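Notes follow once the structure below has been shown.
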Amino acid sequence: MATKTISVDKMAEMFLAGARNIEAKKEYINELNVFPVPDGDTGTNMSMTIMAAAREVAALEHPTMEELAKAISSGSLRGARGNSGVILSQLLRGFTKAIRQEKEVDTFVLAAACARGRDTAYKAVMKPKEGTILTVASGIADKAAQMAGETEDLEVFLGEVIAHGREVLAKTPEMLPVLKEAGVVDSGGQGLIEILQGAYDAFLGKEIDYPAIIPAAERVVKAASVTEEAEIRFGYCTEFIILTEKEFTEGQERELKQYLSSIGDSIVCVADEEVVKIHVHTNDPGMALQKALGYGQLSRIKIDNMREEHQEKLIRDSERLAREQAQEEKERKKMGFIAVSIGEGLNDIFRELGVDYIIEGGQTMNPSTEDMLNAIQQVNADTIFILPNNKNIVLAASQARELVKEKEIIVIPTKTVPQGITAVINFMPEEDVPSNEAVMLEEIAKVKTGQVTYAVRDTCIDEKEIKEGDIMGIGDNGILAVGKEVEATAREMLDHLVDDSSELISLYYGENVSEEAAAAFVQAVEELYPDLDVDAHYGGQPIYYYVMAVE
């Protein structure tokens, strides 16, 4: 018999399954990235984005469709990391707007939701590029609209829509030459397909394991008091799985629940054909485990001391309150700065230049929209300039800007750390906001940046054969040099960056470069370009041996 509607509980189950599927496949998706740098990759960014929403969903008990939609939209919006994560959050945002007022979802609602998700995502990207996740989402929306007019059977509808999405994904190399050259499909599109496939598996009733999805904590932090600890009657949160050797009967389930009730509370006992999931708060976890052994082997045992966690929470809350009070006491500024940075030395440089707040982790871990919002809260200024310093972070910063109402947020689209440093250097406190924005945008456009790192996978880009472990010199618009030695590759890269108008080379060496090696390289650069000033600093950045700017 055909299934014509999806309930809110089934929709939540499908969403969680989709999240878990991309979490399981994230490394595979990372391998599809054309650019072989050890950076925040597509699979990782999309997985972390949707898992932030999954934790919100897992925290809900018997939600309405509106509550489910809000959890998915809010969680993904704040958890969005990297361009692919931001686009995914916009797809989910548009999708959930179309379903939030429904009690159940049918093929027509799903088709409308897919279309709204696509439209919302396209609007979020200033210059949409075909051959990407947007193209796959568009193909899915078109097929959904077609299928809604042909069938009410959701199994047929979903199967056909996902199959068409795979067909569109397979064509992405024909739309983007860089994909064709590397011999891969678009990684973001693949991530979207994995999410949909996980959701479809759950719809079909396939077994999905969600152990990595931990319910989100309550957003509202209550004022802690001494009496709260006294209210914790049972101090140990105990969880485990029983691997049953034979059928776990209803009588055994009642018996186990009755026993657990005698030694604790907050009991959850979920039985499947081969496993039983147990959760209990008790003062004697050993007794719960001993009883459970009578039904089979135990797995995934987890015991947390809730009283200890409570004390740690009190300390964290008091520290947070102290920080907030200290922030309130600071004199409010007209203009402030937030910069994303990638190393100890570069952090110090930004601080010395007057940046108010540093977000660390711009390369190996792209900051989320939530990270941006937390930073904005810490800067006591009427207008805050955000310097993303990485092209993969600009969208997350822009998304944070849209969520802030009480302060003016201006994102200066710096794509590298040297551009960020240039922007701050050209800041004029005595000028107004529009004048400063104009000057910073003008000056960062003059900076040519080069970064030296290593390849994490074999690929072919711009007719350059790259092997895992090769050293790459990367410019603003692509890979400029490939070699086996760091300094030789860096010098070759500089040859592409320096021209007759160049006056200054700023050089920042990373944590994996010794002072002696850096000094020798600086001397070599000075000999190669005797007419240019060479300014060298310890950047302390991981992954990138050298970051350079030519002006």
Side-chain angles (χ1 to χ4, degrees), residues 49 52-53 56 69-81 85-86 89-90 92-94 96-97 120 123-124 126 216-223 316-341 350-351 353-362 366-389 393-414 420 423-424 427-441:
T49 297
E56 298 281 339
K70 182 178 180 181
I72 294 172
S73 179
S74 176
S76 61
L77 195 69
R78 291 175 175 272
R81 294 176 186 269
V86 171
S89 74
Q90 293 300 312
L92 293 172
R93 182 185 179 199
T96 55
K97 280 186 176 180
T120 303
K123 288 176 184 176
M126 188 171 295
E218 289 291 331
R219 287 197 173 274
V220 180
V221 179
K222 298 183 294 182
R316 289 195 303 270
D317 287 348
S318 63
E319 289 175 344
R320 176 184 55 79
L321 184 60
R323 287 195 302 269
E324 291 175 356
Q325 290 173 342
Q327 181 66 31
E328 290 172 0
E329 291 170 2
K330 290 182 182 178
E331 183 179 352
R332 192 171 180 89
K333 302 163 61 177
K334 284 187 176 181
M335 292 174 277
F337 276 91
I338 294 170
V340 179
S341 185
F350 277 120
R351 290 190 186 98
L353 291 172
V355 169
D356 300 275
Y357 194 92
I358 306 292
I359 302 175
E360 295 193 61
N366 297 149
S368 67
T369 301
E370 184 77 47
D371 293 331
M372 295 285 178
L373 293 172
N374 290 338
I376 289 168
Q377 189 176 11
Q378 296 299 317
V379 179
N380 195 10
D382 296 324
T383 299
I384 300 173
F385 294 100
I386 299 181
L387 308 173
N389 300 333
I393 301 174
V394 174
L395 273 181
S398 299
Q399 188 155 276
R401 176 191 60 206
E402 299 302 318
L403 297 173
V404 175
K405 305 301 179 186
E406 70 277 9
K407 299 176 183 178
E408 181 184 23
I409 307 299
I410 296 177
V411 178
I412 304 297
T414 52
V424 185
F427 172 67
M428 300 169 291
E430 69 280 0
E431 297 292 336
D432 60 16
V433 171
S435 298
N436 271 299
E437 182 180 9
V439 168
M440 285 188 277
L441 290 173

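Keep in mind that what you see is a predicted model, and the values were worked out from it rather than measured.
Checked by atom type and distance alone, the side chain of Thr49 pairs as donor or acceptor with a backbone atom of Arg81 at under 3.5 Å. Between the side chain of Thr96 and the backbone N or O of Leu92, at least one donor-acceptor pair lies under 3.5 Å. Side chain of Asp356 to backbone of Phe337: a donor-acceptor contact under 3.5 angstrom is found. Here the side chain of Ser341 pairs no donor or acceptor atom with the backbone of Ile358 at under 3.5 angstrom. Looking at Ser76, its side chain does come within 3.5 Å of a backbone N or O of Ser73 through a donor-acceptor pair.
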Q: Kindly indicate, with the supporting measurements, whether the criterion side-chain contact (heavy atoms from CB on, under 4.5 Å) is fulfilled by Val340 and Leu387.
A: CA-CA 6 Å; Val340 179; Leu387 308 173; over 6 Å; no
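The closest side-chain heavy-atom distance from Leu441 to Pro413 is below 4.5 Å. The shortest side-chain heavy-atom distance between Glu437 and Ile412 falls under the 4.5 Å cut-off. Taking the side chain as every heavy atom from C-beta outward, Leu373 and Val404 approach each other to under 4.5 Å. Lys333 places none of its side-chain heavy atoms less than 4.5 Å from the side chain of Asp382. Side-chain contact between Thr383 and Lys334: absent, with no pair of heavy atoms (C-beta onward) separated by less than 4.5 Å. Looking at Phe385 and Asn436, their side chains come closer than 4.5 Å, going by heavy atoms from C-beta outward. Contact of the Met372 side chain with the Ile386 side chain is registered, since non-hydrogen atoms from C-beta on lie closer than 4.5 Å.
With rounding to the nearest 0.5 angstrom, the CD atom of Gln399 is 4.5 Å from the CD atom of Gln90. In this structure, OG on Ser368 lies 10.0 Å from CZ on Arg78, to the nearest 0.5 angstrom. Expressed to the nearest 0.5 Å, how far OG of Ser398 lies from CD of Glu402 amounts to 7.5 Å. Atom CG of residue Asp371 and atom CD of residue Glu360 lie 11.5 Å apart, to the nearest 0.5 angstrom. Taking CD from Glu56 and CG from Leu77, the interatomic distance works out to 11.0 Å, rounded to the nearest 0.5 Å. If you take OG1 on Thr369 and CZ on Arg401, they are separated by 11.5 Å, rounding to the nearest 0.5 Å.
Side-chain contact check for Asn380 and Arg332: at least one donor-acceptor pair (N or O, by modelled atom type) lies under 3.5 Å.
Partners of Lys407 by salt bridge (Lys or Arg N to Asp or Glu O under 4.0 Å), not counting sequence neighbours: none found. The salt bridge (Lys or Arg N to Asp or Glu O under 4.0 Å) test applied to Asp432 returns no partner, not counting sequence neighbours. Partners of Ala375 according to the side-chain contact (heavy atoms from CB on, under 4.5 Å) rule, which considers only residues two or more places apart in sequence or in another chain, are Ile338, Tyr357, Ile359.
Residue Ala339 comes nearest to Asn389 through the heavy atom pair CB-ND2, 4.1 Å, listed as atom of the first residue, atom of the second, then distance. When all heavy atoms of Gly75 and Ala52 are compared, the closest pair comes out as O-CB, 3.6 Å. Residue Pro367 comes nearest to Ala396 through the heavy atom pair O-CB, 4.1 Å, listed as atom of the first residue, atom of the second, then distance.
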